[in-house]
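Each chain gets a letter, A, B and so on, in the order the sequences are listed, and its residues count up from 1.
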2 protein chains.
Amino acid sequence: MAKKQLDIKAQADLTRAWAEADYAGVCPVRQTLDSVGDKWTVLVVLRLGVEKQRFLQLLRAVDGISQRMLTVTLRKLERDGLVRRTVLDTRPPTVEYELTVLGNSLLKPIGMLAEWAIENQPAMDAMRAAYDEGKN
Amino acid sequence: MAKKQLDIKAQADLTRAWAEADYAGVCPVRQTLDSVGDKWTVLVVLRLGVEKQRFLQLLRAVDGISQRMLTVTLRKLERDGLVRRTVLDTRPPTVEYELTVLGNSLLKPIGMLAEWAIENQPAMDAMRAAYDEGKN
DNA sequence: CAGCATCCCTCCGGATACTG
DNA sequence: CAGTATCCGGAGGGATGCTG
């Protein structure tokens, strides 16, 4: 109980700090959301969090992603320093992708988000269904 | 050290569980990302995590959001059961928005994401600049 | 105050075809 | 294998104007 109170307080402090801070320009949360909040980035990072992967492995592992979007996503992640791209000198070429230290640090928050999603998506579905029902 | 090892192992288990699970259809993480991963949802929830807010308060608090998108975002959050909308019987009307229990549960993961953003956005900016420099 | 309606334009991202 | 190039439809979302 005391533990939970502390958690709640810590959470309140965190959100308050975020809300009150003046970032003299662009809010870093908005900025990060622009980088990481697109359709595929989180899923690719989560997958790379499991283990180092090659291009086609990722293409098969991340369900529904197109070749084009995987390329675009990986390039952006590489540019942002979250993923390291290694070309092995073989024929045909082999390319490996793995998270950098920075990329790994992102794994914790988005891992929690994934955990939340798995746990609460059914509840959201139910709430949505109930809401729509009430509108009829 | 032993503590850190445990954290890493827990993280690995989490991501592996996510990756290996077969969701017989739509991945709940993708689904949640579709709901929550748009341009404004996270910022609105974070703000509501600080305290209950009225419409115009939110409009001013969430930097850059348009009236239209605030309305759309709040409707979606209400529909998904993350936000409760209360109309007070005054003239002119007063409407209050607050997180539900479900909405509050989302606050933890996205709060961590916000924390990560504030802490690591500068690093991402630096990596990006260095990457672009190397391409010239 | 708290919104809904409409217009309109950007750009995300899917499909497809081609290369080192 | 691991990409690049091009085309293009449709959704996301900003601006503006109007109401209970």
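- In this structure, the side chain to side chain contact (heavy atoms under 4.5 Å, CB included) partners of B:Val87, at least two apart in sequence or on a different chain, are B:Arg85, B:Val95.
- Dashed line: the shortest gap from a side-chain N or O of B:Tyr97 to OP1 or OP2 of C:dG3 is under 4.0 Å.
- Near DNA chain D, meaning a heavy atom under 4.0 Å away, the residues from residues 70-78 of chain A are A:Thr71, A:Arg75.
- For B:Lys39, the salt bridge (Lys or Arg N to Asp or Glu O under 4.0 Å) test picks out no residue, with sequence neighbours left out.
- Looking at residues two or more places apart in sequence or on another chain, you find a side chain to side chain contact (heavy atoms under 4.5 Å, CB included) between A:Asn104 and A:Leu99, A:Leu107.
- Listed by chain and residue number, nothing satisfies the side chain to side chain donor-acceptor pair (under 3.5 Å) test with B:Thr71 (two or more places apart in sequence, or in another chain).
- Taking B:Arg128 as the reference, A:Asp80, B:Asp125 meet the salt bridge (Lys or Arg N to Asp or Glu O under 4.0 Å) condition, with sequence neighbours excluded.
- Remark: A:Glu119 pairs with no residue by the side chain to side chain contact (heavy atoms under 4.5 Å, CB included) rule, at least two apart or across chains.
- B:Lys52 places no side-chain N or O within 3.5 Å of a backbone atom of B:Glu96 that could act as its donor or acceptor partner.
- The side chain to side chain donor-acceptor pair (under 3.5 Å) test applied to A:Ser105 returns B:Trp116, not counting sequence neighbours.
- Here the range on DNA chain D touched by chain A, meaning any atom under 4.0 Å from one of its heavy atoms, is D:dC1 to D:dT6.
- Scored by the side chain to side chain donor-acceptor pair (under 3.5 Å) test, A:Thr100 finds no partners at all (sequence neighbours excluded).
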Q: Let me have a per-nucleotide readout for nucleotides 6-20 of chain C, 5' to 3', with B, S or -, counting only protein heavy atoms under 4.0 Å.
A: B------BBB----B
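- In terms of the side chain to side chain contact (heavy atoms under 4.5 Å, CB included) criterion, residue partners of B:Gln67 (sequence neighbours excluded) are, by chain and number, B:Phe55, B:Leu59.
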